[in-house]
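Step one of this worksheet: look at the structure below.
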4 protein chains.
Amino acid sequence: MRGMKTPREQLVHHVQNLERIEAERQAAAEDFSAALAGAKAAGFDPGTLRVVLRLRKLTPGQRKERRALEAIYLAALGMLEGDPLPDEARRRLDEEQQSRDMPGKGLSEAGSPPSREPKATPAPPPQLPMNLKDPEDARQEGRAAAAAGKRIYDNPYPAGDPCRAAWDEGWCEKKKSNGMDTPAAYQRRSKPPEKNDKDEKGAA
Amino acid sequence: MRGMKTPREQLVHHVQNLERIEAERQAAAEDFSAALAGAKAAGFDPGTLRVVLRLRKLTPGQRKERRALEAIYLAALGMLEGDPLPDEARRRLDEEQQSRDMPGKGLSEAGSPPSREPKATPAPPPQLPMNLKDPEDARQEGRAAAAAGKRIYDNPYPAGDPCRAAWDEGWCEKKKSNGMDTPAAYQRRSKPPEKNDKDEKGAA
Amino acid sequence: MRGMKTPREQLVHHVQNLERIEAERQAAAEDFSAALAGAKAAGFDPGTLRVVLRLRKLTPGQRKERRALEAIYLAALGMLEGDPLPDEARRRLDEEQQSRDMPGKGLSEAGSPPSREPKATPAPPPQLPMNLKDPEDARQEGRAAAAAGKRIYDNPYPAGDPCRAAWDEGWCEKKKSNGMDTPAAYQRRSKPPEKNDKDEKGAA
Amino acid sequence: MRGMKTPREQLVHHVQNLERIEAERQAAAEDFSAALAGAKAAGFDPGTLRVVLRLRKLTPGQRKERRALEAIYLAALGMLEGDPLPDEARRRLDEEQQSRDMPGKGLSEAGSPPSREPKATPAPPPQLPMNLKDPEDARQEGRAAAAAGKRIYDNPYPAGDPCRAAWDEGWCEKKKSNGMDTPAAYQRRSKPPEKNDKDEKGAA
DNA sequence: AATGCTCCAGCTGAGC
DNA sequence: GCTCAGCTGGAGCATT
């Protein structure tokens with residue numbers, strides 16, 4: 001009869017049970033380490049793999065939000081370092097501004113993209129397809145655009161151009177607050193959608 | 001004379017010393033938590049702030065490498081989700097391919113950017129400056145470009161176009177190995193530059 | 001006016017603030033490590049010092065309870081290894097049994113300590129003051145005592161005698177449950193006394 | 001052929017592999033948590049169980065050393081709180097002293113155990129079998145004994161007597177250093193015996 | 001001296 | 001909402 005077991009017998013049973021299960025757990029942990037070491041031996045970076053695995057546990061919406069927030073913060077600190085804001089970040093920043101502008105009027109003719117064309121880039125052998133413009137000029141243009149009420153979408157520089165990120169940073173630097181005391185674009189919003197089983201991971 | 005102290009006196013001294021210093025450490029930790037809570041109260045996301053603080057401890061080169069590796073891995077997994085590869089990632093991917101093509105000959109006329117112009121986006125009200133093309137088509141184009149030996153720089157889609165990321169992903173998907181058993185673009189390279197005091201952080 | 005600061009300026013301020021405070025925190029952490037290294041250099045064991053520091057953060061009552069629980073569990077598993085139960089552990093074990101016996105009557109003449117005397121140990125040069133008895137016999141005696149309803153206090157062996165711990169283990173092994181389904185002696189009871197500032201540490 | 005896989009295919013494979021193994025790891029971790037919760041539901045203390053599990057991973061020798069070191073440190077800090085030193089701690093403390101005394105001569109007539117008998121304890125209802133002596137007196141006696149070159153084994157008080165621990169503390173407090181600058185009794189010595197498979201755990 | 005390993009403080013995500 | 005266990009990153013340590 002089980003209920004008659006002395007506390008000591010119960011304890012021994014639980015301890016043995018725990019030891020067995022913990023051994024399994026440790027074995028599983030070692031399997032994981034081994035797999036990671038295998039990936040490393042194949043030339044992949046373990047740290048980046050960990051990051052990727054963590055990201056894959058999130059929903060695409062959560063992933064986008066995180067990247068957007070991170071980029072917005074980095075832009076505000078002047079640390080974009082050549083990479084333009086992701087689209088989600090632009091959407092957030094613009095959304096906030098729109099909510100400010102909306103009551104009055106729609107934002108008029110936004111950015112007639114200046115006559116800069118991506119231009120040739122006929123044979124950019126090892127370099128990036130960059131133009132000759134100084135990114136600092138682009139940063140100043142971004143500041144001016146923000147001061148003039150232009151939207152973050154009005155960045156005229158093409159992809160791959162360091163000026164694009166510099167313009168973004170300049171815009172973020174000068175953009176006025178929308179009057180709200182809390183900068184909505186800097187906050188998290190999305191909630192993990194109630195943990196249903198149908199997983200919506202990124203494709204593999 | 002100090003050397004005459006008994007072991008017990010030494011121990012008591014060390015323990016008292018450690019307790020005092022640990023109290024200071026804990027006070028400092030609480031200060032940090034308080035500062036973070038203050039930032040949170042001001043509307044900023046604590047998690048993102050931690051990420052930013054960690055990134056700021058790195059050199060710009062290290063930051064770029066991390067972002068590039070992460071993007072390359074995500075691209076390979078089809079998880080770019082609308083954001084194109086950072087330039088550093090393109091440089092890495094192309095560098096590797098170049099080292100393969102180099103022995104034979106330079107890669108001929110790269111990508112005459114097809115006649116898609118960014119065009120229009122005259123008043124992109126709340127949407128991104130996107131075109132009407134299906135990103136899946138762009139992904140297929142990227143695959144074809146990789147199969148044809150095109151370079152990652154030959155992505156014809158402009159910034160802010162979801163097709164740009166899709167093309168990148170397709171290219172990464174089909175790109176052949178350069179024959180080396182270790183995918184150089186997937187590995188870390190840079191070393192922290194010997195820990196000198198002159199810090200080269202991003203601007204604040 | 002402070003409220004007019006743009007979100008970006010707020011962010012920059014918070015980040016700088018956090019970086020400064022985190023530098024202080026790290027400095028404090030390094031001070032602690034240095035102090036611990038100093039203690040180690042003086043011949044003290046860092047791991048044990050950490051344990052001691054943690055124990056000193058507890059109230060004496062909490063310390064006793066922890067040690068008692070740990071000893072009770074180890075006794076039940078036969079891992080006392082020569083050290084008898086602490087008094088607090090005896091009190092717990094006896095208290096539980098008393099609550100069982102109480103309804104009927106007081107426990108009669110407990111253990112007439114058998115005529116074992118510590119036996120002089122006139123000059124136990126490097127050994128412990130142990131007797132010649134086999135601890136296994138003592139363990140069996142403990143089992144018999146528990147079966148006979150003896151109390152844990154009735155252990156007849158003196159301090160420093162391995163038989164004392166063996167008797168305790170035997171007693172724990174055979175002791176019947178008090179009928180309650182939850183072994184009260186195996187559970188925590190005390191609460192940290194509401195965290196008031198007047199600290200009641202052990203003496204230093 | 002496997003070697004022909006593109007880096008991307010390798011990465012996908014590794015990531016899927018890692019995700020699968022990590023799922024197993026997490027499942028194992030949940031099993032463990034469930035088992036611990038079961039033990040808790042049965043009335044056992046999870047924290048103490050964790051401590052016990054960790055101790056059971058050590059060899060008996062390592063366990064003894066840890067307990068001895070901890071007790072020695074606590075004794076030096078006056079935190080024994082009623083529990084006397086474990087035998088291993090006495091052995092260490094005495095061993096050190098012996099090595100000091102050895103060159104000259106063996107320690108003469110050690111402790112003629114004074115005529116204190118455990119004193120019946122005929123029916124110690126809920127109290128411990130304590131005597132009427134003030135532990136502070138015993139502490140002072142311990143100090144005097146240490147000053148007089150007595151050994152730690154010479155503690156005259158019986159098990160279960162608070163005076164026993166007090167005498168130990170007093171002895172530790174006054175004991176002179178053996179002249180060596182490093183207190184050997186305060187240091188770790190034993191090495192985990194080379195990690196052979198034949199496990200020598202405590203009995204279960 | 002460099003490298004791998006082991007351990008610990010701190011952060012993250014769940015559970016009450 | 002808070003606590004708390006698991007995990008990660010980094011530092012210290014031993015080893016070659």
Side-chain angles (χ1 to χ4, degrees), chain A residues 18 21-22 25-26 28-30 32-34 36-37 40-41 45-55 57-58 62 66 188 191-192 194-195, chain B residues 18 21-22 25-26 28-33 36-37 40 45-55 57-58 62 66 191-192 194-195, chain C residues 18 21-22 25-41 45-51 53-54 57 188 191-192 195, chain D residues 18 21-23 25-37 39-41 45-51 53-54 57-58 62 66 188 191-192 194-195:
Chain A
L18 285 166
I21 295 175
E22 210 211 358
R25 182 175 66 151
Q26 193 160 337
E30 283 168 12
F32 183 81
S33 295
L36 202 62
K40 178 194 173 98
D45 180 61
T48 307
L49 283 171
R50 284 183 191 274
V51 171
V52 167
L53 290 176
R54 215 177 320 149
L55 288 174
K57 290 181 185 167
L58 274 52
Q62 290 174 315
R66 294 206 175 187
R188 287 217 178 141
K191 286 290 172 196
E194 206 44 53
K195 193 67 177 176
Chain B
L18 285 166
I21 295 175
E22 209 210 0
R25 181 177 64 156
Q26 192 160 338
E30 284 168 14
D31 286 349
F32 183 80
S33 295
L36 202 61
K40 178 194 174 96
D45 181 61
T48 307
L49 283 171
R50 284 181 192 276
V51 171
V52 167
L53 290 176
R54 214 175 322 146
L55 288 174
K57 290 179 185 167
L58 274 53
Q62 289 172 316
R66 293 205 176 189
K191 286 291 173 197
E194 205 47 53
K195 193 63 175 179
Chain C
L18 285 166
I21 295 175
E22 209 211 359
R25 181 176 65 156
Q26 192 160 339
E30 284 168 12
D31 287 349
F32 183 81
S33 294
L36 202 61
K40 179 195 172 99
D45 180 61
T48 306
L49 283 171
R50 286 181 192 274
V51 171
L53 290 177
R54 215 174 323 146
K57 290 180 185 169
R188 286 224 177 134
K191 286 291 171 196
K195 195 65 177 177
Chain D
L18 285 166
I21 295 175
E22 209 210 359
R25 180 176 65 155
Q26 192 161 339
E30 285 168 12
D31 287 349
F32 182 81
S33 295
L36 202 62
K40 178 195 174 98
D45 181 60
T48 306
L49 283 171
R50 285 179 190 277
V51 171
L53 290 176
R54 213 175 324 145
K57 290 181 185 166
L58 274 53
Q62 290 173 314
R66 292 204 177 190
R188 286 221 178 136
K191 286 291 173 197
E194 207 45 54
K195 191 67 176 177

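Source: prediction; values computed, not measured. First the proteins, then the strands, lettered A, B, ... as listed; each starts at 1.
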Under-3.5 Å N/O pairs linking protein and nucleotides 4-8 of chain F:
residue, atom, partner, partner atom, Å
F:dA5, O3', D:R50, NH2, 3.0
F:dG6, OP1, A:R25, NH1, 3.3
F:dG6, OP2, D:R50, NH1, 2.7
F:dT8, OP1, A:R50, NH1, 3.0

Between [N] ([atom2]) and [X] ([atom1]): distance, integer Å:
| X | N | atom1 | atom2 | value |
| --- | --- | --- | --- | --- |
| A:R188 | E:dG13 | CZ | C1' | 12 Å |
| B:D45 | E:dT12 | CG | P | 10 Å |
| B:L55 | F:dG9 | CG | P | 13 Å |
| A:Q62 | E:dG13 | CD | P | 10 Å |
| A:L53 | F:dG9 | CG | P | 11 Å |
| C:L18 | E:dC11 | CG | C1' | 15 Å |

Please check the phosphate of F:dC13 (OP1 and OP2 only) for any side-chain N or O of C:K40 closer than 4.0 Å.
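Yes, because at least one side-chain N or O of C:K40 sits under 4.0 Å from OP1 or OP2 of F:dC13.
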Say you draw a straight line from CD of D:E22 to NZ of A:K57; how long is it, rounded to the nearest 0.5 Å?
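It comes to 3.5 Å.
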Heavy atoms only: give me the nearest B:A28-C:I21 pair and the separation to one decimal.
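Nearest heavy atoms, B:A28 then C:I21: O-CG2, 4.3 Å.
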Going by side chain to side chain contact (heavy atoms under 4.5 Å, CB included), name the residues that satisfy it together with C:R188, two or more places apart in sequence or in a different chain.
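So C:R188 forms a side chain to side chain contact (heavy atoms under 4.5 Å, CB included) with C:E65, C:R66, C:L69, D:D45, D:T48.
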Applying side chain to side chain contact (heavy atoms under 4.5 Å, CB included), can you list everything that pairs with C:A29, at least two apart in sequence or on another chain?
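If we apply the side chain to side chain contact (heavy atoms under 4.5 Å, CB included) test to C:A29, skipping adjacent residues, the hits are B:R25.
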Kindly indicate whether the side chain of D:L36, heavy atoms from C-beta on, has any atom under 4.5 Å from the side chain of D:R50.
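With C-beta onward as the side chain, the pair touches.
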